[in-house]
Q: 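Sending over a structure as structure tokens; questions will come in a sec.
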Amino acid sequence: MRVSVAEDAGGTARPGPIDYRSVAADPADLVTVAGTDGVYRYVSGASRRLFGWEPADLVGHQEDYFVHPHDLQGFHVARSALTTTDCVTTSYRFLCRNRSTCWTETTSRLVRVNDQDLVVSSVHDTSERHLNTSRLERQAFTDPLTGVANRPVLMDRLQRAILRLDRNDGVLAVLYLDLDRFKVVNDSLGHRVGDAVLLQMAERLLRHLRPTDTLARLGGDEFVIVAEGLPNEFEAVELGRRIIEACREPFQVAEEEFNCTVSVGIVCTRDSQRGSDDLLGEADLALYRAKDHGRDRSEIFDEDLRAKAVGRLVTEQMLRQALTEGNVVVEYQPIVDLSTGRTVAAEALVRVRDPLRGMQQPDSFMEVAEETGLLIEMDGRVLADAVAQESGWQLRLPAAHFEVAINVTARHLADSGFQKAVINQLDRHGVDPGDLQIEVTERVLLEASNSAITGLRDLRLAGVQVGLDDFGTGYSSLAYLRQFPLDFIKIDRSFLRELEAEEDGRAVVGAIIDLAHALHLTVVAEGVETEGQRRILRDLGCDRAQGFLFGASGTPEAIDRLVMAGSGVP
Ligand code: C2E
Ligand code: CA
Ligand code: CA
């Protein structure tokens, strides 16, 4: 089909008949004809629809007048290629009448009409396709919630920054950030509020960074900052301080204010031989210490921390071995009724027998056991042992009731298998659920998910007693505790120190006991070591007590002897 461009209703100039099909693959495309001087001679009516320009607005003007400045170079290269080849395709942004831009793919040919060389172009609008690819690119490189870099981008930038240490002076710092108690916000207020806090957090962080710094979110509430070219380590610590301070301001979400501080682990290096994974791992270790030292603070990585990390590995190895070789040992500490002086219960406390170093106490392995998840298996063993011992005591001891207590961690509570394991063990040994006590710490309760709390409730409905361990070492008030399903509290032994020496100490413990009783909670005092403490606690109305005064932890048989002695049975 040979048509004349002059037939186009919207057209203007008449350069003579040309093969329309050879130019525009898509009839919706814009067709233009320009001289070799680059001036438009003809513009089809599609310019109106595609770019908002009337054909008359363009004719007589230079083509490159409508090309985005960033794309000019490519545009001119394509044009000059037309002298050696008869068809080129180039991609550039067309400037629209409303000052926006449109991505195009333009195919141009050199055509000779009436002894005149003309450039005939078909301009195809590719904005949509471009938008989709840039969206895909964005998705591949950014964290969808906050729009900051994601993990692959972070690792790439960190790698490059390390290599640049070869050429540049200054210190490279990696700051590993984690929101404190973010899980509490997320669980109690919902993910929408949590997301809003994370978004505000990213905005705050960006305000404290230089354009050359990288901010990435690694998922959850973890962010990482890579800062290059700092004059010294102090500047890295200073950056950490500014960030921590910025996060102390409450976050505002839908009229409500939330406090959510941040902990920061910092590692600095000038060594271009370091690995990016190592650096991130060291910053993470430092972050761990910041959390350990009370949160809302920063710690900088040093070799001492590395030594600790090695120590952790050794402990983990010991625990794994103990689990496979049957070296997890359960000891029992007596709990006495203060009004009668009788041993009425025992708390199961775990120990690990190490062939090299002897019997290990929880403070040397508990942290590692919890971190590695091995504690779940250990607690399972303690549960089985405690319920088995309980059934033995019920057979051997004369008292109507003898109770056994076990300790449980947050992760275990959230595990639905745990409730089943408890019920199974009780069934298997024919133990009354009411004779099993489960102790959880405030931290466990605060960090527990809804499903963990439901799990506790279910166990309590089944008759198991649930108690709060180490009461007073956390931040919750008794009133706050009302929302949790509890039967007893154990007053932490730190309260007992002042019991004999100070009037105030006695008043505080007395108030705790009275309040707990008002909430129908049984009160157990922990760490009772002296006769004086025992007397005061009894006078204050405390129900039960546990401590070296009555006995340290030992074998189940040692508990038998104590109960027999207390009951008058030889
Ligand atoms: P906890 O539950 O508060 O246990 C009481 C701790 O205080 C025990 O330390 C016990 O030996 C110690 N203690 C008892 N009476 C006295 C006293 O009169 N004076 C002093 N100074 N200390 C006393 P242990 O056995 O080292 O346990 C430490 C912590 O480890 C426990 O604190 C508990 O939180 C955790 N734990 C122990 N066994 C287990 C277990 O089987 N599972 C879990 N998840 N945690 C456990
Ligand atoms: Ca306990
Ligand atoms: Ca305790």
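We count ligands from 1, going down the list as the structure has it; atoms in each ligand are counted the same way.
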Q: Looking at E439, pick out the N, O or S atom nearest to the Ca ion (ligand 2) and give its name.
A: OE1
Q: When you compare ligand 1 with V350, is there at least one nitrogen or oxygen pair between them that comes in under 3.5 angstrom?
A: yes
Q: Which atoms from ligand 1 have a heavy atom of L375 less than 4.0 Å away?
A: 44 (N)
Q: For L562 and P334, which heavy atoms make the closest approach, and how far apart are they?
A: CD1-CG, 3.5 Å
Q: What residue and heavy atom of the protein are closest to atom 18 (O) of ligand 1, and at what distance?
A: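 Ranking protein heavy atoms by distance from atom 18 (O) of ligand 1, first comes F548 N, 2.8 Å.
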Q: Is the distance between the Ca ion (ligand 2) and the nearest N/O/S atom of N407 smaller than 3.0 Å?
A: yes
Q: Between D143 and R217, is there a side-chain N and carboxylate O pair less than 4.0 Å apart?
A: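 The answer is yes: the pair qualifies as a salt bridge.
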Q: Give me the nearest non-hydrogen protein atom to atom 21 (N) of ligand 1 as residue plus atom name, then the distance to 0.1 Å.
A: E529 OE2, 3.2 Å
Q: Mark yes or no for whether D543, through its side chain, and V524, through its backbone, hold a donor-acceptor pair below 3.5 Å.
A: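 Flag not set: sc D543 to bb V524 has no pair under 3.5 Å.
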Q: Nearest protein heavy-atom contact for atom 42 (N) of ligand 1: which residue, which atom, what distance?
A: D379 OD1, 2.6 Å
Q: So which heavy atom in the protein is nearest atom 5 (C) of ligand 1, and how far is it from that ligand atom?
A: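 Looking at atom 5 (C) of ligand 1, the protein heavy atom closest to it is E526 OE2, 4.0 Å.
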Q: When you measure from the Ca ion (ligand 2) to each N, O or S atom of D469, which atom gives the shortest distance?
A: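 Result for D469 and the Ca ion (ligand 2): OD2.
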Q: Only one of Q546, Q361, E331 clears side-chain hydrogen bond (donor to acceptor under 3.5 Å, both in side chains) with S553; which?
A: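 Exactly one candidate clears the test, E331.
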Q: Which residue, D178, D284, D302, forms the salt bridge (charged side-chain N to carboxylate O under 4.0 Å, His left out) with R289?
A: D302
Q: Heavy-atom pairs closer than 4.0 Å: do any link ligand 1 to the side chain of D469, the backbone, both, or neither?
A: side chain
Q: Relative to ligand 1, is D470 under 4.0 angstrom through side chain, backbone, both or neither, heavy atoms considered?
A: side chain
Q: Give, for atom CG of L175 and atom OG of S298, the distance between the pair rounded to the nearest 0.5 Å.
A: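 Answer rounded to 0.5 Å: 8.0 Å.
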Q: Would you please test L189 and E256 for side chain to side chain contact (heavy atoms under 4.5 Å, CB included) and show each step?
A: CA-CA 11 Å; L189 305 166; E256 300 248 24; over 6 Å; no
Q: Between E316 and R320 (salt bridge meaning N to carboxylate O under 4.0 Å), is one present in this structure?
A: yes
Q: Should the pair R204 and F251 be classed as cation-pi, given the thresholds of under 6.0 Å to the six-membered ring centre and 45° from the axis?
A: yes
Q: What is the nearest protein non-hydrogen atom to atom 36 (N) of ligand 1, stated with its residue, atom name and distance?
A: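 For this ligand atom, the closest protein heavy atom is M366 CE, 3.4 Å.
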Q: Ligand 1 versus E331, non-hydrogen atoms closer than 4.0 Å: side chain, backbone, both, neither?
A: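 Neither; no heavy atom under 4.0 Å.
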Q: Run the salt-bridge test on R242 and E245 with the 4.0 Å N-O cut-off and return the result as yes or no.
A: no
Q: Judged by non-hydrogen atoms, does G527 sit under 4.0 Å from ligand 1?
A: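 The answer is yes, since G527 has a heavy atom less than 4.0 Å from ligand 1.
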Q: Got a protein heavy atom sitting under 4.0 Å from atom 32 (O) of ligand 1?
A: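 Given the 4.0 Å limit, the answer for atom 32 (O) of ligand 1 is no, no protein heavy atom qualifies.
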Q: After noting the C-alpha distance and the side-chain angles of T269 and D271, does the key distance pass the side chain to side chain donor-acceptor pair (under 3.5 Å) rule?
A: CA-CA 6 Å; T269 187; D271 181 359; 5.2 Å; no
Q: Of all the N, O or S atoms in E347, which has the shortest distance to the Ca ion (ligand 2)?
A: OE2
Q: Can you pull out the closest protein heavy atom to atom 27 (O) of ligand 1? Residue, atom name and distance to 0.1 Å, please.
A: P362 CG, 3.5 Å
Q: Does F488 have R544 sitting over its ring (NZ/CZ under 6.0 Å from centre, angle to axis within 45°)?
A: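 No, cation not above the ring by the 6.0 Å, 45° rule.
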Q: Where does V528 meet ligand 1, judged by heavy-atom distances below 4.0 Å: at the side chain, the backbone, both, or neither?
A: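 Within the 4.0 Å criterion, V528 contacts ligand 1 through backbone atoms alone.
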Q: Examine R493 against ligand 1 and note whether any of their N/O atoms are separated by less than 3.5 Å.
A: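 It does: an N or O of R493 is found under 3.5 Å from an N or O of ligand 1.
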Q: Check this for me, if you would: do D539 and R506 make a salt bridge, where the nitrogen-to-carboxylate-oxygen distance has to be below 4.0 angstrom?
A: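 Salt bridge between D539 and R506, a charged N being under 4.0 Å from a carboxylate O: no.
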Q: Given Q546, Q333, E439, which one has a non-hydrogen atom that is nearest to atom 15 (N) of ligand 1?
A: Q333
Q: Considering only heavy atoms of E347, which atoms of ligand 1 have at least one such atom less than 4.0 Å away?
A: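 Here the atoms of ligand 1 in question are 2 (O), 4 (O).
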Q: Looking only at N, O or S atoms, find the one in D470 nearest to the Ca ion (ligand 3) and name it.
A: OD1
Q: Name the residue from E403, E347, K490 that meets the side-chain hydrogen bond (donor to acceptor under 3.5 Å, both in side chains) definition with Q437.
A: E403
Q: Tell me whether atom 9 (O) of ligand 1 lies less than 4.0 Å from at least one protein heavy-atom position.
A: no
Q: Do the side chains of E367 and R312 get close enough for a salt bridge, i.e. N-O under 4.0 angstrom?
A: yes
Q: Please work out which of Q360, R351, Q361 has its closest non-hydrogen atom nearest to atom 25 (O) of ligand 1.
A: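 Looking at heavy atoms only, R351 sits closest to atom 25 (O) of ligand 1.
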Q: Just one of L198, L177, V262, V197 clears the side chain to side chain contact (heavy atoms under 4.5 Å, CB included) bar with D221, so which one?
A: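 Exactly one pass, corresponding to L198.
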Q: How far is atom 37 (C) of ligand 1 from its nearest protein heavy atom, and which residue and atom is that?
A: L349 CD2, 3.6 Å
Q: With respect to S553, determine whether any N or O atom, backbone or side chain, lies less than 3.5 Å from an N or O atom of ligand 1.
A: no
Q: Output the list of atoms in ligand 1 that are nearer than 4.0 Å to some heavy atom of T409, sorted by atom number.
A: 44 (N)
